[in-house]
Amino acid sequence: MTELGNDRLVWIYTQMLRIREFEERVKRTFEDHPGVIRGHTHLADGAEASIVGSVATLNPGDQILATYRCHGYPLALGTDANAMMAEIYGRTGGLCGGYGGSMHLVDPERGFLGTSGIVGQGIPHATGAAYAAQIRKRGQVVLSFFGDGSTKQGAFSESLNIASLWKLPIVYVMENNSYNVVTRSEQEDANAAAGEPLAIKATAFAMPGVTVDGADPIAVYDVVGAAVERARAGDGPTLVESKVYRLSAHGNLIAPPGVPLHYPEHEAISVFGNREEYEAALRGDPVPRFRARLIEDGVLSAEQADGIGSEVRNEMQAAVDFGLNSPLPAAERALDHVYA
Amino acid sequence: MERAVPTMDAELANRLLSTMWRIRAFEERVAQLKRTMQVHGLIHLSIGGEGVAAGVCGQLRNDDGVYSGHRAHGHAIAKGAPLTGMMAELMGRVDGLCHGLGGSMHVVDREHGMLGATGVVGGNLPMAAGDALAAKLGGTDRITVVFFGDGAVQAGHFHESVNLAALWQLPLIFVCENNGMAEFTSRAEHSPVDSVSDVVAPYGFKRATVEGSDVGAVWTGFGKFLKLARRGGGPFLLECRTHRRAGHYEGDAQEYRDELAEQEWAQRDPLARFQEQALADGLIDEPTAAEIETQARAAVEAAVEGARKSTFPTAELAAELVYAK
Amino acid sequence: MSHEIPYIAAINEAIQLEMERDEDVLYFGQNIATTEDDPFLKAFGSDRVRVTPISETAEIGMAVGAALAGLRPVVELYMAEFMLVAMNQVVNEAPRFRYMSGGRVKVPLVLKAGYGFTAGWAGQHTGSIYSMFTGVPGLKVVLPSTAADAKGLMATAIRDDNPVCYFHHYLLTLEHGDVPDGEYLVPFGQAAVRREGGDVTIVATGFMVGKALAAAEALASEGISAEVIDPRTLVPLDLDTILTSVEKTGRLVLVDQATRYGSASAAIAADVAEHGFSSLKAPIKQVTALDATIPYSEPMEAFLLPDEAKISAAVHQVLGGSPVATA
């Protein structure tokens, strides 16, 4: 891969910070503005390095499809944070006019083709997009993001088989956070139970499989970048297992109306009583880790880093304000868009 | 490929040849009956697969479970299903194994451990895993076998079932009949992985590929896994390379593939191949071989006659059987 | 004797009692029994109680295979829509097997799935999709609306020899109710008359039963006497109770949270039109969700769904537009 220049490194850090701050604001909305967010949200905190390191490898025109844990990708692609927050608040100014909410963000103009709220079901969508890219011959590459739980879905194996067979221009990025909602992967995955990297699954489809430290954006950039180059060259797909640690619980509390929604503690603590695992993950938090590295390498000064932090905080405060001030949709709009 | 050295004796050779002839005679008769519309519906023949059916089912007990797919006649016959009940089922008669409600693709004979066949590719895989779970929980040494084609391997439920079978160490033997054709297209159009046993490589359990037209190789390959499964091992996967002599279904014009040259077919015809070998090895003599064939054809003919004596089910039966009482 | 517990606890109580009663009953599926402290796991062990990966096709297919092998699995699907991922197993395997075998096998299993989480869960987790399964001969479809029924119908579902889709409504999860102690079975195909009345028959399912009762209460103050019937099971459907009521009232309002086209409501309307036409003094009125995917945002979501006001308006309409019943 081409060496990342200082501007690019700072861009990566900035996007990581934007995602972190956005997710913090989503989480805080449950406390600061109860009732504003309905339903279910899933946060990407902990996966910022993996997301931005991956997105940094893309060219304009490339595409991404993802899961319900979807706030990070559009932010890195340049989607307006205001519209994203308004969507999560169910407002007319939302990215999808309040029809989708947190799990169903879409921004096709920037290549974010969408998500599925059902585990694994976005993988075939992404594979179909890669098929379109292949036959259009514009050199587009698709990134398909999903979690480790998805890899037990038939949709995963069905898709990877076809992609390998057809040499589709796609990179499958599995964000392995070791949890399926509240189930640990070794409880449900034969490879995890055997202590093997999940990238080994690629061999079933005659596809390269690589495991990378998803907390290191440069490592992710190198690995995903090589896979993207391979895909763009027409040599077919790659499965990248990006090891991340989700720093929040799977999602906010699932509760019937009347019970205040909030984020419970991470499942490592709340379900398995393993505080040490969680605290170790906090010590390895990719965002401060990358900041320290950039400062140490002389790419950024501490003051510059603080400056970025304050800009990002202002941007996300504005997104919250925008969302709160955007009106709720007119009720009868519910019948729009049923048919094109 | 694992080259088999079966411990073949005259008794076993006779038994295997009998089973294979019963399947061959049955399938050839079904093809005739289909042409005259005495058998209707979608018919998938297993000519060319007799070696797998005989080599696998011949080692199973009645309490071992077998799940098959749409190409199930051979497996059912080898597992012990009565020919008359089979033929009556295919002819839609009330004395058929399933009272004529299932037909060719849905043969069930629980008495002989033929637990079922499903008409949807790979739909039997998780069911077989469920049977193996029941076997394991039951605390006996019974095991489950699931037959499927290479086409089923690309269905997501194949990997879902394999993961769970591996994770829960189920006494399940996956037997893939890789005939290189998934319905109407060749395997190369379905998967970048030629050998089905390589598809399960990530799961770490024992697997093997044998020549399916060599019943001795199937017998030996399957026997090794069976012995381990009886002792609580599992799962396992045995891939049998076979050749589908007939089209995907009866009446299929097969414009999608070239016919194997007759000479090549003779080499891959499990029945002819085994009979010649057994004769050469002195395990049987010519009159015995001829007698086995004659008996098989007579048994099939008797099954046709028996089936013809059976009536068609009453229309009311269709409504009566919607729910368990 | 009875005790008061939430709807969800009543479901669990039934599964627990049936597992105690019959060691062939299994309980497996997504996001259950992930720790040693899990009450099912503690009571019945990891052979009979298991978490599975998110592999619906394998989960449901294995339930079919285990059922054919003589066990009685209860599959935790978590959300009704997840059944759609494995539609083949639900629609084209479980209910077909027994029939196609000529009655030689049976497939006793329960697919337990929550539905109708109409609280901002947007388009993929809120559907009332049970009518997709009512048209599949061989499947039974159960929709408990009270804690007692949640228990009694689950017990009956587990003992039934057929595949049963057991749909519990997410918004009823914490609704408390009186539940009979010990063994308690609610038979399938017996509707409950939740409120008696003579002017109009309201048939409501699941979560809508409560809305219909609230509407009936309000209508009573206007002098309108509404009878409210809860079918409890859509397959089999107790049409007789509905027809008997319509014979008495001459008017029928159907309330269903599902979208209208091809719904349970439409099926009941057709049956009453066919078999009870001479009893009807006014056209049948259906109050259903409007035909759209449930949107995320609250006002739009509310707009699509049936509620008390829509039920009352429909009652007024079948009574001739007058807010007061004709003498």
Side-chain angles (χ1 to χ4, degrees), chain B residues 65 67 89 94 96-103 105-111 115-138 142 144 146 155-165 167-168 170 313 317-325, chain C residues 23-24 26 28 45-48 50-73 75 85-86 88-89 91-109 136-140 160-164 188-189 235-236:
Chain B
Y67 273 91
E89 186 61 31
V94 72
L97 281 173
C98 308
H99 298 326
L101 275 85
M105 287 195 288
H106 306 290
V107 179
V108 177
D109 180 11
R110 296 189 52 86
E111 214 182 304
L115 299 184
T118 163
V120 178
V121 170
N124 54 354
L125 291 158
M127 289 183 221
D131 186 59
L133 173 64
K136 186 170 178 138
L137 298 184
R142 86 173 182 88
T144 309
V146 60
H157 30 287
F158 175 78
H159 283 272
E160 295 183 0
S161 305
V162 167
N163 175 63
L164 272 177
L167 183 72
W168 293 355
L170 299 179
L317 186 65
E320 279 168 29
L321 289 169
V322 177
Y323 293 107
K325 297 284 185 291
Chain C
E23 64 174 23
D24 287 340
L26 308 181
F28 59 82
S46 62
D47 281 348
R48 293 174 66 198
R50 283 196 178 181
V51 64
T52 61
I54 302 168
S55 299
E56 285 82 8
T57 298
E59 289 162 45
I60 299 173
M62 284 184 71
V64 175
L68 288 168
L71 301 180
R72 309 184 86 84
V75 187
V85 178
N88 175 56
Q89 293 291 342
V91 170
N92 218 14
E93 303 285 0
R96 308 272 195 232
F97 231 78
R98 191 194 125 70
Y99 187 83
M100 293 194 303
S101 76
R104 296 278 164 96
V105 298
K106 57 183 182 180
V107 186
L109 60 87
V136 181
L139 281 181
K140 294 190 177 180
D160 197 283
D161 277 344
N162 297 285
V164 178
F188 286 0
V235 182

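Protein chains get the first letters and strands the later ones, always in sequence-line order, with residue 1 at the start of each. The basis for the numbers below is simple: all heavy atoms, side chains too, and nothing from hydrogens, waters or symmetry mates.
Heavy-atom pairs under 4.5 Å with chain C were tallied for B/His159, B/Glu160, B/His99, B/Arg110; the largest tally goes to B/Glu160. Per-residue heavy-atom pair counts under 4.5 Å with chain B were compared for C/Pro95, C/Pro236, C/Ala63, C/Ala69, and the maximum is reached by C/Ala69. Among the candidates B/Pro126, B/Ala132, B/Ala117, the residue making the largest number of heavy-atom pairs closer than 4.5 Å to chain C is B/Pro126. Comparing C/Pro163, C/Gly102, C/Ala86 by how many heavy-atom pairs each has under 4.5 Å with chain B, the most go to C/Gly102. Comparing C/Ser101, C/Pro137, C/Gly103, C/Ala66 by how many heavy-atom pairs each has under 4.5 Å with chain B, the most go to C/Ser101. With chain B as partner, the option from C/Asn92, C/Asp24, C/Val105, C/Leu26 having the largest number of non-hydrogen pairs under 4.5 angstrom is C/Val105. Of all the listed residues (B/Gly65, B/Gly138, B/Gly123), the one sharing the greatest number of non-hydrogen pairs under 4.5 Å with chain C is B/Gly123.
Between B/Trp168 and C/Thr52 the shortest side-chain heavy-atom distance falls below 4.5 Å. Taking 4.5 Å as the limit, every side-chain heavy atom of B/His106 sits out of range of all side-chain heavy atoms of B/Thr118. By the 4.5 Å heavy-atom criterion applied to side chains, B/Arg142 and B/Asp131 are counted as neighbours.
No part of B/Ala155 comes within reach of chain C, as not one of its non-hydrogen atoms sits under 4.5 angstrom from that chain. When heavy atoms are compared at a cutoff of 4.5 Å, B/Tyr67 approaches chain C solely by way of its side chain, counted from C-beta outward. With a 4.5 angstrom heavy-atom cutoff, C/Arg50 touches chain B only via side-chain atoms. Interface residue C/Asp47: backbone and side-chain heavy atoms are both found under 4.5 Å from chain B. For a residue to count as touching a neighbouring chain, one of its non-hydrogen atoms must lie under 4.5 Å from one of that chain's; by this rule B/Asn163 touches chain C with the side chain only. Contacts between C/Ile60 and chain B at a heavy-atom distance below 4.5 Å are absent for every atom of the residue. Of the atoms belonging to C/Leu71, it is side-chain heavy atoms, and not backbone ones, that fall under 4.5 Å from chain B. Looking at C/Val235, the atoms closer than 4.5 Å to chain B (heavy atoms on both sides) all sit in the side chain, from C-beta outward. Using a 4.5 Å cut-off between heavy atoms, B/Leu115 contacts chain C through its backbone alone, with no side-chain atom that close.
Considering CG of B/Leu133 and CZ of C/Phe28, their distance stands at 7.0 Å, rounded to 0.5 Å. Rounding to the nearest 0.5 Å gives a distance of 14.0 Å between CG of B/Leu164 and NE2 of B/His157. One finds the CG atom of C/Leu109 at 10.0 Å from the CD atom of C/Gln89 (value rounded to the nearest 0.5 Å). For the atom pair CZ of C/Arg96 and CG of C/Asn88, the computed distance is 10.0 Å after rounding to the nearest 0.5 Å.
Between C/Asp160 and C/Lys106 no salt bridge is recorded (no basic side-chain N to carboxylate O distance below 4.0 Å).
Sorted by first and then second residue, the salt bridge (charged side-chain N to carboxylate O under 4.0 Å, His left out) pairs with a member in residues 59-72 of chain C read C/Arg72-C/Asp161; sequence neighbours excluded.
Within the cation-pi definition used here (under 6.0 Å to the ring centroid, within 45° of the axis), C/Lys140 does not qualify as a partner of C/Phe188.
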